[in-house]
2 protein chains.
Amino acid sequence: MEEYLDIFRKNFLFSGLSDEEISRMLVCTDAREKSYASGEYVLRRGDTVSEISILAEGRLHIQREDYWGNRSIVSDVRIGEVFGESYALPESGVLMNDVVAAENSIVISLDCHRLLSPCSSSCPFHSRAIMNLISILAGKNRMLVRKIGHLSERTTREKLISYLSDEALRQKSGSIDIPFSRQQLADYLAVDRSAMSKELGKMRDERLLETHKNHFELFSVFQEFS
Amino acid sequence: MEEYLDIFRKNFLFSGLSDEEISRMLVCTDAREKSYASGEYVLRRGDTVSEISILAEGRLHIQREDYWGNRSIVSDVRIGEVFGESYALPESGVLMNDVVAAENSIVISLDCHRLLSPCSSSCPFHSRAIMNLISILAGKNRMLVRKIGHLSERTTREKLISYLSDEALRQKSGSIDIPFSRQQLADYLAVDRSAMSKELGKMRDERLLETHKNHFELFSVFQEFS
DNA sequence: AAGAATATGTTGTTTTTGCAACAGAAGGAG
DNA sequence: CTCCTTCTGTTGCAAAAACAACATATTCTT
């Protein structure tokens with residue numbers, strides 16, 4: 001567990017805590033480590049959870065697949081990020097989505113009840129972690145609202161522009177790397193892969209952008225549309 | 001301010017607090033009341049906020065409108081609900097959406113910093129409110145994920161089915177009232193109003209549902225599709 | 001109650017998407 | 001290196017959505 005200390009140090013949940021406090025927190029919240037092979041399910045739609053989880057290694061997708069195999073990716077979880085926190089409190093109901101390892105991954109789970117319980121006399125750093133949790137929830141909230149903004153666009157082109165310019169803003173550059181393959185990007189934007197490919201082709205013809213695998217170059221005319 | 005006590009009593013943010021504690025909380029967080037006429041902007045995209053707000057009267061829409069007037073409704077805020085909380089912490093960046101009064105409305109704003117500050121010696125109920133805030137954020141998170149589920153459906157019909165069956169589940173009945181006009185429902189599901197009207201007509205012809213203004217009757221065959 | 005303003009339903013046309021099938025490219029395994 | 005699998009781009013076609021324009025209904029105002 002201690003080998004992930006550098007991840008925990010950078011983790012929002014533990015921000016402001018010393019190494020010593022992080023270690024005590026891990027014990028206090030009954031932290032458990034588990035590995036998943038790429039493609040394996042970490043959590044399933046319909047599960048009830050009472051743990052807050054941190055991704056220590058690999059990459060995960062929060063996604064959903066319907067009866068006919070149509071997949072839709074809600075979000076992408078990267079190293080150090082927290083997931084499951086919105087469903088960990090009592091009365092939260094069951095998970096709405098599957099969590100799947102996009103690569104071989106290692107997950108650390110913390111008991112939510114113990115994390116939130118005010119054993120404040122012994123663990124003064126709990127209150128810090130609770131504030132951090134509020135930040136994490138608020139941040140995730142804003143991420144979801146941004147994604148709703150992309151999905152609310154009507155056409156495939158508009159969705160692409162909305163997503164790519166948002167990503168460019170975040171990466172502070174018109175030269176961006178995205179965390180998705182083409183199929184995954186289509187699943188994320190809820191459009192057909194081949195239609196999206198077609199649209200990207202047209203945008204390339206119109207010199208709006210250039211693509212090399214997961215790398216996108218957005219040209220200056222691009223911003224006129226966003 | 002005291003006249004809204006019954007709303008505060010039912011409010012998630014204050015749940016578990018006595019009337020006395022609620023009153024002290026209102027003072028402690030510098031609560032302010034403001035009225036808005038229907039159609040008036042409560043908050044605007046690009047604003048920075050440091051208050052958590054509660055809707056005491058009326059109804060609000062969290063929405064966004066692009067240059068061409070295409071509106072998209074992110075969510076509907078009802079009496080007693082909290083809004084703005086995800087953008088109230090420092091470092092949250094600017095608001096992504098407008099907040100507009102859908103009816104004449106009254107809003108109470110609480111200073112977020114004071115709400116969260118651990119003046120625990122004098123206000124032991126702060127910690128309770130903080131836990132409540134976590135519940136609210138987690139709940140809103142789940143709401144947004146559900147909405148993403150609706151928007152991720154490909155066709156207008158699938159979006160309608162996804163939304164209506166979710167609403168039926170929530171209202172625990174196939175006979176439901178929705179908080180939107182037709183145009184607003186279209187804006188919420190990010191589809192064209194007339195196309196949606198057409199689709200609702202077809203579904204009526206197929207005896208999947210019946211509509212009377214904002215009231216929907218979902219027939220038993222409906223569930224086969226959801 | 002009358003008239004204006006707004007909301008809803010309807011229809012036809014144009015554009016976009018979804019789907020299916022395939023070919024070339026890239027990547028991995030032996 | 002070669003075979004095999006997966007990924008990406010392309011095309012044609014059928015289905016669906018967006019758009020526009022209009023008719024009817026409903027609500028609001030005075």
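Chain naming here is simple, since letters A, B, ... match the order of the sequence lines and numbering starts at 1 in each. Atoms considered below: every heavy atom in the structure, side chains included; atoms not considered: hydrogens, waters and symmetry mates.
- Summarising the geometry, the separation between NZ on A/K198 and C1' on C/dT15 is reported as 12 Å, rounded to the nearest angstrom.
- For residues 135-160 of chain A, the set of pairs meeting the ring-ring contact (aromatic ring centres under 6.0 Å, His included) definition, not counting sequence neighbours, comprises A/H150-A/Y163.
- For A/K202 and D/dT8, the NZ to P distance is 20 Å, given to the nearest whole Å.
- Put simply, CG on B/N70 is 10 Å from P on D/dA18, counting in whole angstrom units.
- No more than 12 heavy atoms of other residues, nucleotides or ligands lie within 6.0 Å of CZ in A/F12, so this atom counts as exposed by the packing criterion.
- By the side chain to side chain contact (heavy atoms under 4.5 Å, CB included) test, A/N97 pairs with A/I62, A/R64, A/V74, B/V145, sequence neighbours left out.
- Nearest to the side chain of B/V191, among C/dG9, D/dA18, D/dA17, sits D/dA18.
- With distances taken from any side-chain atom of B/Q183 to the nucleotides C/dG18, D/dA17, C/dT8, the minimum falls on C/dT8.
- Legend: salt bridge (Lys or Arg N to Asp or Glu O under 4.0 Å) pairs involving residues 161-178 of chain B, not counting sequence neighbours, sorted by first then second residue: B/R146-B/D166, B/D166-B/R170.
- At most 12 non-hydrogen atoms from other residues, nucleotides or ligands lie less than 6.0 angstrom from CD of A/E91.
- Note: A/F180 and A/H61 have tilted aromatic rings, judged against thresholds of 30 and 60 degrees for the angle between ring planes.
- The distance from atom NE2 of A/H212 to atom P of C/dA26 is 12 Å, rounded to the nearest whole Å.
- B/S181 comes within 4.0 angstrom of sugar-phosphate atoms only, judged by non-hydrogen atoms across all strands, and of no base.
- Regarding B/R154, its CZ atom lies at a distance of 13 Å from the C1' atom of D/dA16, rounded to whole Å.
- Residue B/R182 has its side chain nearest to C/dG9 when only D/dA18, C/dT16, C/dG9 are considered.
- Legend: residues meeting salt bridge (Lys or Arg N to Asp or Glu O under 4.0 Å) with A/R9, ordered by chain and number and at least two apart, are A/D19.
- Nearest-nucleotide positions on DNA chain D place A/F180 closer to the 5' end than the other of B/M196 and A/F180.
- Minimum atom distance to the side chain of A/T156 is reached by C/dG18, of the listed D/dA20, D/dT8, C/dG18.
- Straight-line distance from the CD atom of B/Q184 to the C1' atom of C/dT8: 13 Å, rounded to whole Å.
- Ion pairing of A/R157 with A/E199 is present here, as a side-chain N (NZ or NE/NH1/NH2) and a carboxylate O approach within less than 4.0 Å.
- Under 4.0 angstrom from either OP1 or OP2 of C/dA7 there lies no side-chain N or O belonging to B/R193.
- Note: CG (A/L200) to P (D/dC7) measures 17 Å, nearest angstrom.
- At its two ends the helix from C/dA1-D/dT30 to C/dG30-D/dC1 runs along axes set 60° apart, each axis drawn from five pairs and the angle rounded to 10°.
- Atom CG of B/D192 is separated from atom C1' of C/dA7 by 15 Å (rounded to the nearest Å).
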Point to revise | Step-by-step side chain to side chain contact (heavy atoms under 4.5 Å, CB included) determination, A/L55 to A/I7 | key: CA-CA 9 Å; A/L55 181 63; A/I7 286 164; over 6 Å; no
All N/O pairs under 3.5 Å across the protein-nucleotides 23-30 of chain D interface:
from: D/dT27; atom 1: OP1; to: B/K213; atom 2: NZ; distance (Å): 2.4

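- Remark: B/K147 qualifies as a cation-pi partner of B/Y188 under the 6.0 Å distance and 45° angle criteria applied to the six-membered ring.
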